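Take a look at the structure set out below.
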Amino acid sequence: MKKNYFTTPIYYVNAEPHIGHAYTTIVADVLNRFYKLAGYQTFFLTGTDEHGDKVAQAARAAGETPQSYADRISDLFRALWPKLNITNDRFIRTTEEAHKRVVQLILQKVYDAGDIYFGEYGGHYCRGCERFLTEKELADGKCPDHGTEPEFIKEKNYFFRMSKYQQWLIEHIQNHPGFIRPERYRNEVLAFLRDPLEDLCISRPKSRLAWGIPLPFDAEYVTYVWFDALINYITGLDYPDGERFGQFWPVCQHLIAKDILKPHGIYWPTMLKSAGIPPYQHLNVHGYWIVSESKMSKSRGNIVKPLDLKDKYGLDAFRYFLLREMPFGLDSNFSETALVSRINADLANDLGNLVSRTLAMAERFLNGEIPRPGGLEEIDRDLETAALCVTREAERLIGELSFHKFLIAVWELINLANKYIDTLAPWSLAKDPAKAERLNTVLYQLLENLRFVSVLISPFMPQTAGKIQAQLGISEPSSQTLASIQQWGGLAPGGRVYKGEALFPRVEENLKGAEKEKMETTSLISMEEFQKVDLRVGKVLAAENIKKSDKLLKLRVDIGEERTVVAGIARSYKPEELVGKTIILVANLQPTKLMGVESQGMVLSADSAEGFIVATFDKEAKVGSKVR
RNA sequence: GGCGGUGUAGCUCAGCUGGUUAGAGCAUGCGGCUCAUAUCCGCAGUGUCCGGGGUUCAAGUCCCUGCACCGCCA
């Protein structure tokens, strides 16, 4: 059985989870779910990174011990993942005893290989910060936080001979194009490796920092946090003797954001090399979410955290948005407006409505029974071919992390199904008993297509996929694997389908929010300016449709003189309903031609639940009089 | 200061190894349908492809240079 192992970084517990953590973990989850669907045996690891200076400092600031502080923040992460429907197999913490043993084992191995030496390191040490400051951090030679001059301290430490493996690493990256991907990050690492690599300081004296894993060969020192943290990826597989390590190493794919490229692209492979462990398969590097406060949330005076939006709009929509919007590797913008736009356009209008209309027709025309299809015509085969084509593309696109391209492909299939419906108009077929078999075929193709779509989207939107499959009467969702959509026709005739709730209700609230904002920003006008508008009481003398327009009506209105007016209210009023009505007309509006008819004014109207309604008076007003 | 990235329609972005009238989605306008979540389908646009040079028969695509923004490093 083919295998795959996915990891997220173990998240550093000096801050609470945010959108970036969520994205990395959701991507790992999508991969994990997809490869399971494709029949792989998988393992998925995430967790928290808990040692080191910053955690010790954050704990001190919070008045806690490092351990209790780490426990608390680690729990925040652990509690978040189920809410995002994450299917990790293990949650690892670097403060676990098992991990400490593995770190010490690796240190000993590297030490025994002769790759660790004791040396002296000098730097600007700030007692307030309890750490070394770089030249750049210094402001006028002083610590920017404490305003004190740091001491130049020489400190003895252990160093990992990273430089020894520089050439090996360069060659490995060059010989394995997918080792670090996308390519931009591979190039970045190669560029970095053009300069001589410095050896890595891997210890901290206990006198300065006690919150770490003791070195096995010198009890006076603890391990540098990165050397400790990276090793989690093999601890998670129960290195060295665990069965999982044999199964899932080195078929390992790390997922990281670009900020931790160097430790993963350089420290980690050289550490593995020194310890005699083969390197991982892929390092998958993604970009940042640029979060701009959307106007929507600003105008309401409350700043919305991206992660909170999953509760507001639903988890699947949130997951879909993250994977659809960001080309893997690049930075992308995150905004509530963009999220709402994706929900309405892609999820409600395209997918949700397709499911809704298909199942409604199956219920209405076939009493909810999955029909037996008859002979296929070309257009029916085209739908099949397109669906099978997306299935075939899936493994390639997901394999190269092109999630957005894959989702585009699925949505092309969804659009094709919508076109298929429009072209074949099943509602017309249903009116003609002679076309019953044709109707059966068309609806079968549509239902089967929904089955394909549900399987294809299931790694991204597991809840939604489940809902669609339930509506299709599929009793065993576990049967719906990638293999099940290698062939058309898996949906068994005779089964029952039913139309459920709308999968994704349109988000209308925000439209109102935008309108509200527009109103708020409308500037104030003076009485004089208002009086420039000549509003008159008018009586509708005649009304008729304008041909070729379904929105416009042509009216003749008496305001003391007769005016021709074109009004965009044909969807709400039949011409005869308007005749005799007393209305309000803007009488001094610049005349304009609409659909070839000159309009000499504008009828006042407003929105209502039933569409446009025209403004009238509650008692009889005098025709032609001024409205104030 | 060094290294790298980005700059294409109102918005968000595709455009591989240079090759006919530069694309998609959203938004906009018009039309069609009525099964459907006022949804769907069709049609219609709009662009000094950041500026300036250069290479070439041919450059959004390659080279040089300038500007703007963003990373990483020192």
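Because the structure is a prediction, the values reported are computed rather than measured. Naming convention: chains lettered A, B, ... in sequence-line order (proteins, then strands); numbering from 1 in each chain.
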Any Arg364(A) side-chain N or O less than 4.0 Å from OP1/OP2 of rA36(B): yes
P gap between rG32(B) and rG25(B), integer Å: 22 Å
Touch class at under 4.0 angstrom, heavy-atom based, for Ala348(A) against every strand present: base
Donor-acceptor pair between Asn367(A) and Glu369(A) side chains, under 3.5 angstrom: no
Minimum-distance nucleotide to Phe365(A) side chain [options: rG4(B), rC35(B), rA36(B)]: rC35(B)
Distance test, side-chain N/O of Lys419(A) to OP1/OP2 of rG42(B), below 4.0 Å: yes
Per Arg184(A) side chain, nearest of listed nucleotides rU6(B), rG25(B), rU37(B): rU6(B)
Residue met sooner reading RNA chain B from 5', once Asp259(A) and Ile414(A) are mapped to nucleotides: Ile414(A)
P gap between rC26(B) and rC41(B), integer Å: 9 Å
Selection from rU37(B), rC41(B), rC35(B) that lies nearest to any side-chain heavy atom of Ala502(A): rU37(B)
Spacing between Asn353(A) atom CG and rU39(B) atom P, to the nearest angstrom: 9 Å
Sugar-phosphate, base or nothing in reach of Pro505(A), heavy atoms under 4.0 Å: base
Given rU37(B), rC33(B), rG25(B), the nucleotide with the shortest approach to the side chain of Trp427(A): rC33(B)
Residue-phosphate contact under 4.0 Å: Arg506(A) side-chain N/O, rU39(B) OP1/OP2: yes
Interatomic distance, Tyr420(A) OH vs rG42(B) P [rounded to whole Å]: 16 Å
Residue mapping more 5' on RNA chain B - nearest nucleotide basis, Asn418(A) or Ala191(A): Ala191(A)
Length of the CG-P vector between Leu190(A) and rG5(B), whole Å: 13 Å
Spacing between Tyr288(A) atom OH and rC70(B) atom C1', to the nearest angstrom: 11 Å
Separation of the C1' atoms in rU28(B) and rA68(B), to the nearest angstrom: 30 Å
Atom-to-atom span, CZ of Phe192(A) to P of rG2(B) - whole angstrom: 17 Å
Separation between the C1' atoms of rU34(B) and rU39(B), rounded to whole Å: 10 Å
Nucleotide nearest Asn415(A) when distance is taken to its side chain, options rA14(B), rC26(B), rC41(B): rC41(B)
Sugar-phosphate, base or nothing in reach of Ser341(A), heavy atoms under 4.0 Å: sugar-phosphate
Residue pair Asp422(A), Arg357(A): steps toward the salt bridge (Lys or Arg N to Asp or Glu O under 4.0 Å) verdict: CA-CA 11 Å; Asp422(A) 265 52; Arg357(A) 67 198 301 213; 3.2 Å; yes
rC40(B) phosphate, OP1 or OP2, under 4.0 Å from Asn349(A) side-chain N/O: yes
P spacing across the pair rU48(B) / rG5(B), given as an integer number of angstrom: 27 Å
Sugar-phosphate, base or nothing in reach of Phe504(A), heavy atoms under 4.0 Å: base
Nucleotide paired to rG25(B) in any strand shown, Watson-Crick or G-U, under 3.5 Å: rC11(B)
Given Asn284(A), Leu190(A), Asn187(A), Leu283(A), the one that forms side chain to side chain contact (heavy atoms under 4.5 Å, CB included) with Ile180(A): Leu283(A)
Residue of the set Trp289(A), Phe334(A), Tyr288(A), Phe321(A) for which ring pair (Phe, Tyr, Trp, His ring centres under 6.0 Å) holds with Tyr23(A): Trp289(A)
Spacing of the C1' atoms in rG45(B) and rG2(B) (rounded, Å): 47 Å
Salt-bridge contact Arg381(A)-Glu384(A) (side-chain N to carboxylate O under 4.0 Å): no
Whole-Å distance separating the CD atom of Glu188(A) from the P atom of rU6(B): 11 Å
Base-pairing mate for rA36(B) - Watson-Crick or G-U, with both contacts under 3.5 Å: none
d(CG, Asn449(A); P, rC35(B)) in whole Å: 21 Å
Pair Asp380(A)-Arg438(A), salt bridge (Lys or Arg N to Asp or Glu O under 4.0 Å): steps then yes or no: CA-CA 11 Å; Asp380(A) 310 323; Arg438(A) 186 69 193 127; 2.9 Å; yes
Nearest-Å distance once atom P is located in both rG51(B) and rA59(B): 15 Å
Touch class at under 4.0 angstrom, heavy-atom based, for Leu330(A) against every strand present: sugar-phosphate
Who pairs with rG31(B) - Watson-Crick or G-U, where each distance is under 3.5 Å: rC41(B)
Phosphate contact (rC35(B) OP1 or OP2) by Lys499(A) side-chain N/O below 4.0 Å: no
Distance in angstrom units between Trp411(A) CH2 and rC26(B) C1', rounded: 15 Å
Gap in Å between the two P atoms, one belonging to rC70(B) and one to rG23(B), rounded: 33 Å
Under-4.0 Å salt bridge between Glu400(A) and Arg396(A): yes
Any-strand Watson-Crick or G-U partner of rC69(B), both distances under 3.5 Å: rG5(B)
Side-chain H-bond candidate by donor/acceptor type, Tyr320(A) with Asp346(A), under 3.5 Å: yes
